[in-house]
Chemist: 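Right, I'll just put the structure down here and ask away after.
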Amino acid sequence: MKPSIPKGTRDFSPVEMARRNYILDTIRQVYFRYGYQQIETPAMENLTTLTGKYGEEGDQLLFKILNSRIHESKNKPALLEDFQRSLEKNTNSELLTERALRYDLTVPFARYVVMHQNDITFPFKRFQIQPVWRADRPQKGRYREFYQCDADVIGSDSLLNEVELIQIMENVFDQLNINVAIKINNRKILSGIAEIIGAGDMIVDITVAIDKLDKIGLEKVNEELRNKGLDEKAIQKLQPLLVFKGNTADTIAFLKTLLNDFEIGKKGIQELEYVFQLADSSFLELDITLARGLNYYTGAIFEVKANGVQIGSITGGGRYDDLTGIFGLPNVSGVGISFGIDRIYDVMNELGLFENLDLKQSGTRVMFVNFGQEEEKFCLKEIKKLRNAGINAELFPDQAKMKKQLAYADAKKIPYVILIGSEEMTSGIFTIKNMNSGEQFKKRLEDVMEELKG
RNA sequence: GUGAUUGUAGCUCAGUUGGUUAGAGCGCUAGAUUGUGAUUCUAGAGGUCGCGGGUUCGAGCCCCGUCCUUCACCCCA
């Protein structure tokens, strides 16, 4: 049998893992620094927890898990009927599937908050780094299994949270040395705009369409709006907004005149202004065409693009006012972001940012060559001292030929090899070989440790 | 879901209008070198040409189907 893995999934080699962990450690550290606590939730959720939260398109992308032992069902006629129906259209049958793999971390988090509301002290700042699954067609920067690194604050309306999340994004990308643009918009503004043109019910279609302005241009956006059923009058009303160009201050002034009579829109502008003022970030850009598809956003929305790399957004997020409501805990507002580390990895790889990175802390620094039974015993004691001193060290497990053992160290890029034979055992002075230069020295273990620490 | 694209050795890829036994480089194993890797030399192992069917005297090459890869759309991290 030829081994293979499912479409859109990947194995990660040791080198890739070292690099991924570098990114993950950076994010984790920043999250802790801002006072976020880590949680985990199961890979699978009850299907009812997930459906209806991501829009029609999102529901289609859920990986559903077939119920086990359906062959033992006592109600096979009903099962067959449900199966027949599922061949016709996308329906959920509890008889066929009760569980699905999580699609993101935000909805499971909302479920978690409701279930543990009595144990949580609000506002709750949590982060979560786990894989999610989507039954998408894979392409560049898109996988069926990928990690999200979420940070959310739930139970606080304060815009200070938005500001803090912007600072977190700045911190992380600064540390990773990636040049980014942090784009921000506000759903309330988009709602206001939809209201102005008299199409409040079509806000999702409108936002999805204008989100593509950069990519497909004005004509195509108008065409799509027409196709979605927006009337010509409304489209005309929308034009000034679509063609508007200007810096943040200009844009806000423009929006103010546009949305002056609409409460929601005005509120959105106020929020934006406040966040801009406090964040005081040179990376932050107002982008009124930023929409984001996820249904549950109600306030600020964020998206981060890497400059100079052709790939989708590498981080996204926003405020959601009532995600916990459907689970029975109304009026709890939350705001969060999610780093897509698989895409961040691709970006760093493309920019060559891994080349000069020092990832040695995870690799072996010294290898002891194994010369025989007596030497093994001796080396085991010596290697313990190195490990206790915090130096990554290993002893070659087999009494193989020296050639084989050195080739192993070379392949693993271990910088130092210590040779201890009978001569070294009696003198207590070891032979240490620098694998980069090929040079050899005679040294005591204490001196070796000094050198390796430095 | 729609439209393209790819598949030959562990990896990267050649393979002529269909013609006998499918090649190269790198890697791997062994030796030259019994305490020295990365350089050099020598030898060796490794392939159901993605899978299934068809055309043909004959298919890696042509046709159909299917799966996989990659990419765009939709949507999204």
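Atom set for the values below is all heavy atoms of this structure, side chains included, hydrogens, waters and symmetry mates excluded. Numbers restart at 1 for each chain; the letters A, B, ... are given by sequence-line order, proteins then strands.
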Chemist: Is U16(B) paired to anything, Watson-Crick or G-U wobble with both distances less than 3.5 Å, and if yes, which nucleotide?
Modeler: none

Chemist: Taking the P atom in each of G18(B) and G10(B), what is the distance between them to the nearest angstrom?
Modeler: 28 Å

Chemist: Does Lys212(A) put a side-chain nitrogen or oxygen below 4.0 Å from OP1 or OP2 of C74(B)?
Modeler: yes

Chemist: Taking CG from Asp346(A) and P from A77(B), how many angstroms apart are they, rounded to a whole number?
Modeler: 16 Å

Chemist: Contact class for Gly312(A) (heavy atom, under 4.0 Å): base, sugar-phosphate, or nothing?
Modeler: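 If one applies the 4.0 Å heavy-atom cut-off, Gly312(A) turns out to touch nothing in the nucleic acid.
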
Chemist: For the pair Gln139(A) and Arg137(A), evaluate side chain to side chain donor-acceptor pair (under 3.5 Å) and give the outcome as yes or no after the intermediate values.
Modeler: CA-CA 7 Å; Gln139(A) 57 180 280; Arg137(A) 278 266 197 106; over 6 Å; no

Chemist: For G37(B) and Lys404(A) - does any side-chain N or O of the residue sit under 4.0 Å from the phosphate oxygens OP1/OP2?
Modeler: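 It does not, given that no N or O in the side chain of Lys404(A) lies less than 4.0 Å from OP1 or OP2 of G37(B).
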
Chemist: Starting from P on A77(B), measure out to CG on Asp136(A) and report it in whole angstrom.
Modeler: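 That distance rounds to 11 Å.
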
Chemist: Would you indicate what Gln148(A) reaches in the nucleic acid, counting non-hydrogen atoms under 4.0 angstrom: base, sugar-phosphate, or nothing?
Modeler: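 It contacts sugar-phosphate atoms only.
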
Chemist: What is the base-pairing partner of G10(B), counting Watson-Crick and G-U wobble geometry with both distances under 3.5 Å?
Modeler: C26(B)

Chemist: How many Å lie between OH on Tyr416(A) and C1' on U36(B), as a whole number?
Modeler: 17 Å

Chemist: Between the base of G35(B) and the side chain of Glu424(A), is there any donor-acceptor pair under 3.5 Å?
Modeler: yes

Chemist: Between the base of U36(B) and the side chain of Lys433(A), is there a donor and acceptor pair under 3.5 angstrom?
Modeler: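 Donor-acceptor pair under 3.5 Å: yes.
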
Chemist: Given atom CZ of Arg137(A) and atom C1' of C73(B), what is their separation to the nearest angstrom?
Modeler: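 Checked: the CZ to C1' distance equals 10 Å.
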
Chemist: Could you give the distance separating U70(B) and G23(B) at their C1' atoms, to the nearest angstrom?
Modeler: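 Approximately 26 Å lies between the C1' atom of G23(B) and that of U70(B).
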
Chemist: Hey, is CD on Glu374(A) packed in by over 12 heavy atoms from elsewhere, all under 6.0 Å?
Modeler: no

Chemist: Could you check Ile341(A), Ile344(A), Thr315(A) and say which one makes a side-chain contact (heavy atoms from CB on, under 4.5 Å) with Cys149(A)?
Modeler: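 Option passing the side-chain contact (heavy atoms from CB on, under 4.5 Å) with Cys149(A): Ile341(A).
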
